[in-house]
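Sequence positions, counted from 1, serve as the residue numbers for this chain. Both counts, for ligands and for their atoms, begin at 1 and track the order of listing. Treat the numbers as computed from the prediction; the structure is a model and nothing was measured.
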Amino acid sequence: MRQTVRSNPSECTGCGACVSICSHHAIFMQANEEGFLYPVVDASLCVECNLCEKRCPVTQEKPWPKQSAYGAYCKQEEIREMSSSGGIFVPLAEEMLKRGGVVFGAVFDEQLLVETVGAFSPDEVREMCGSKYLQSAGADAIGNAVALLKKGVPVLFSGTPCQIAGLRAAAGEKFAKQLITVDFVCHGVPSPGVFRSYLNEQEKLAGQRIVRYHFRDKRKGWKDFSAVMMYEDGTEKAAGQWEDPFMRGFLSNLFLRPSCHQCRLQGRNHPADITIADLWGAQVVCPERDDDRGLSLVLVNSSAGRSFLEAVSGRIERFKISDTDALLRFNPSIMHPAAAHPKRQRFFESYIQKGFEQETVNALLKPPGRAEKALIRIKRVPGAILRRLGLGKR
Ligand SMILES: Cc1cc2nc3c(=O)[nH]c(=O)nc-3n(C[C@H](O)[C@H](O)[C@H](O)COP(=O)(O)OP(=O)(O)OC[C@H]3O[C@@H](n4cnc5c(N)ncnc54)[C@H](O)[C@@H]3O)c2cc1C
Ligand code: SF4
Ligand code: SF4
């Protein structure tokens, strides 16, 4: 009797599609010791039809034939200000509301964990603004979106590329006219358990609860963004992206989901109609546009995406990009999955025992000392020489 959906759990993205694919309600999501959600099969309900595994998006690949790339930003300054990049998501979402549809996107819950929910009004859409750098729980949203599509309601679903692949696997092809999907260039998702544990440590240090967390505050500009936490007494603590220990760990790939390190949903493999991203490298690619308030890279992956973007053309400024090599240099996630930090395992050994400790993160990420540098040099020596020195694997 199966207990998990994929025989190799490290491939599972946690999209949650299998939860709604299973009509026997035999699958639920549960956090593992690293703090990531994985599907668990209730053996007493499973009839071993294997539908979950057959339709799991990890085994399916569907490259889009043609893709166009633009630079863009929202003309409304207040929207651009509250968004991580150029604020392209809000006009797209509001266009869907105008058409009588529902918008799915990621919001914080009361624990400051992230879940994907449906929005019916512009105010609810604004809560989705801004990147939250931890994996959102999306299984219920996929089920709810499919139920709405079946009732004829138009849906815009935004999420990680693997969540969009999950939605497509759960919905099938028949709702193409009602469904618009928006994903992003994805560096990978950190563990929700690690993030909560980090907040617990910070709350203990401050002696009070954190009530809001902003990963991409633009007070010092778009490129040099800050992570800002707000406490219940109204005070704030802001740290630069490389000072905040959680952001440092995220950007150094210390606690990303294992599937992110083998992800293939980049380049032309984005499963969404529209892909949004930061236009990193704007100072080289389009210096005349770079006012450090945020610019988006927009990839259009389908004809449905093209006409949806056209529909919001009055609200956004859009321009062509010619130096695509520079784009890839500044934003490697456009084409490649992030490699795991060599000390990922050591981080999780400590996390499983003691929870998140900023001291541990700082120690693991400190620049290598002399002894470590010498070891790295030894590892780069060809295997044959190492074997002759009696150091390499035989
Ligand atoms: C985990 C993660 C990794 C990313 N990695 C990169 C990268 O390597 N390179 C790059 O150029 N861009 C990356 N992005 C995208 C980038 O940060 C912006 O979100 C994107 O440019 C859109 O910006 P915006 O200003 O149009 O809209 P914003 O208002 O900033 O974006 C909001 C949208 O992002 C969605 N969202 C936010 N957090 C999550 C989450 N945890 N899970 C699912 N959906 C979420 C919301 O639902 C909404 O649709 C990443 C985003 C996330 C969440
Ligand atoms: S459908 Fe998604 S959550 Fe389920 S096994 Fe496949 S990748 Fe994992
Ligand atoms: S890197 Fe790939 S597997 Fe990881 S969250 Fe992003 S799309 Fe999903």
Practice item. Check each of G188, C186, S131, G138 against atom 1 (C) of ligand 1 and report the one with the nearest heavy atom. Key: G188

Practice item. Indicate yes or no: does R212 engage E232 in a salt bridge with an N to O separation below 4.0 Å. Key: no

Review point. Under 4.0 Å from ligand 1, counting heavy atoms only, is it the side chain of V185, its backbone, both or neither?
Key: both

**Study point:** Intermediate values then yes/no, salt bridge (charged side-chain N to carboxylate O under 4.0 Å, His left out), D273 and R168
**Key:** CA-CA 11 Å; D273 297 302; R168 287 192 180 279; 3.6 Å; yes

Check your understanding: Purely on distance, is any nitrogen or oxygen of S84 under 3.5 Å from one on ligand 1?
Key -> yes

**Study point:** Whether over 12 other heavy atoms sit under 6.0 Å from N144 CG
**Key:** yes

Check your understanding: Ignoring hydrogens and geometry, is there a side-chain-to-backbone donor-acceptor pair from R248 to L365 under 3.5 Å?
Key -> yes

Practice item. Note the single closest protein heavy atom to atom 26 (O) of ligand 1, along with its residue, its atom name and the distance in Å. Key: I88 N, 3.0 Å

**Study point:** Y73 six-ring face occupied by R289 cation (under 6.0 Å, within 45°)
**Key:** no

Revision key, fill the gap. Smallest heavy-atom separation, G105 atom then M128 atom, equals N-CE, 3.3 Å

Check your understanding: Closest non-hydrogen protein atom to atom 6 (Fe) of ligand 3, residue and atom name please, with distance?
Key -> C186 SG, 2.4 Å

**Study point:** Distance-only N or O hit between ligand 1 and A277, under 3.5 Å
**Key:** yes

Check your understanding: Relative to ligand 1, is M82 under 4.0 angstrom through side chain, backbone, both or neither, heavy atoms considered?
Key -> neither

Review point. What do you reckon, does Q135 have a nitrogen or oxygen under 3.5 Å from a nitrogen or oxygen of ligand 1?
Key: no

Review point. At what distance is the nearest protein heavy atom to atom 4 (Fe) of ligand 3, and which residue and atom is it?
Key: C260 SG, 2.3 Å

Point to revise | Proximal ligand 2 atoms for R6, defined as those under 4.0 Å from one of its heavy atoms | key: 5 (S)

Check your understanding: What number of protein N, O or S atoms occur at distances under 2.8 Å from atom 2 (Fe) of ligand 2?
Key -> 1

Practice item. May I ask you to check whether W280 has an N/O atom sitting below 3.5 Å from an N/O atom of ligand 1? Key: no

Review point. Considering residues, nucleotides and ligands other than K75, do more than 12 of their heavy atoms fall under 6.0 Å from its NZ?
Key: yes

Check your understanding: Under 4.0 Å between a Lys/Arg side-chain N and an Asp/Glu carboxylate O for E94 and R315?
Key -> yes

**Study point:** For ligand 1, the portion of L134 having any non-hydrogen atom under 4.0 Å away
**Key:** backbone

Practice item. Could you verify whether a donor N or O on one side chain and an acceptor N or O on the other, from D278 and W222, lie under 3.5 Å apart? Key: yes

Check your understanding: Any nitrogen or oxygen of A106, main chain or side chain, under 3.5 Å from a nitrogen or oxygen of ligand 1?
Key -> yes

Review point. So which protein heavy atom does atom 20 (C) of ligand 1 come closest to, and at what separation?
Key: S85 OG, 3.5 Å

**Study point:** Output field: ring centroids H187/F250 closer than 6.0 Å
**Key:** yes

Exercise for review: Return the residue, atom name and 0.1 Å-rounded distance of the protein heavy atom closest to atom 2 (Fe) of ligand 3.
Suggested key: C263 SG, 2.4 Å

Practice item. Could you check E349 against Q345 for side chain to side chain donor-acceptor pair (under 3.5 Å), going step by step and ending with a plain yes or no? Key: CA-CA 6 Å; E349 280 163 9; Q345 199 184 333; 3.3 Å; yes

**Study point:** Ring centroid separation F215 to F195 under 6.0 Å
**Key:** yes

Practice item. Using modelled atom types only, decide if a donor and an acceptor are shared between the side chain of T275 and the backbone of A272 within a distance under 3.5 Å. Key: no

Check your understanding: Should we say atom CZ of R264 is surrounded by more than 12 heavy atoms from elsewhere, each under 6.0 Å from it?
Key -> no

Practice item. Please state whether R80 comes within less than 4.0 angstrom of ligand 1, counting heavy atoms only. Key: no

Study note, to complete from the structure: Closest to atom 49 (O) of ligand 1 among protein heavy atoms sits S158 OG, 2.7 Å

Check your understanding: What is the nearest protein non-hydrogen atom to atom 22 (C) of ligand 1, stated with its residue, atom name and distance?
Key -> I276 CD1, 3.6 Å

Check your understanding: Out of F215, F89, F184, whose heavy atom is nearest to atom 35 (C) of ligand 1?
Key -> F184

Check your understanding: If you measure every N/O of G87 against every N/O of ligand 1, is any gap under 3.5 Å?
Key -> yes

Exercise for review: Compute the centroid of each ring, for F348 and then for F255, and state whether the two points are separated by less than 6.0 Å.
Suggested key: no

Review point. So which protein heavy atom does atom 9 (N) of ligand 1 come closest to, and at what separation?
Key: N331 OD1, 3.1 Å

Check your understanding: Is any N or O atom of G105, backbone or side chain, closer than 3.5 Å to an N or O atom of ligand 1?
Key -> no

Point to revise | Nearest candidate to atom 40 (C) of ligand 1, where distance is taken over non-hydrogen atoms, out of R126, M128, K132 | key: K132

Review point. Atom 43 (C) of ligand 1: which protein heavy atom is closest, and how many Å away?
Key: Q163 OE1, 3.7 Å

Exercise for review: Using heavy-atom distances, let me know which of G130, A119, S83 sits nearest atom 37 (C) of ligand 1.
Suggested key: G130

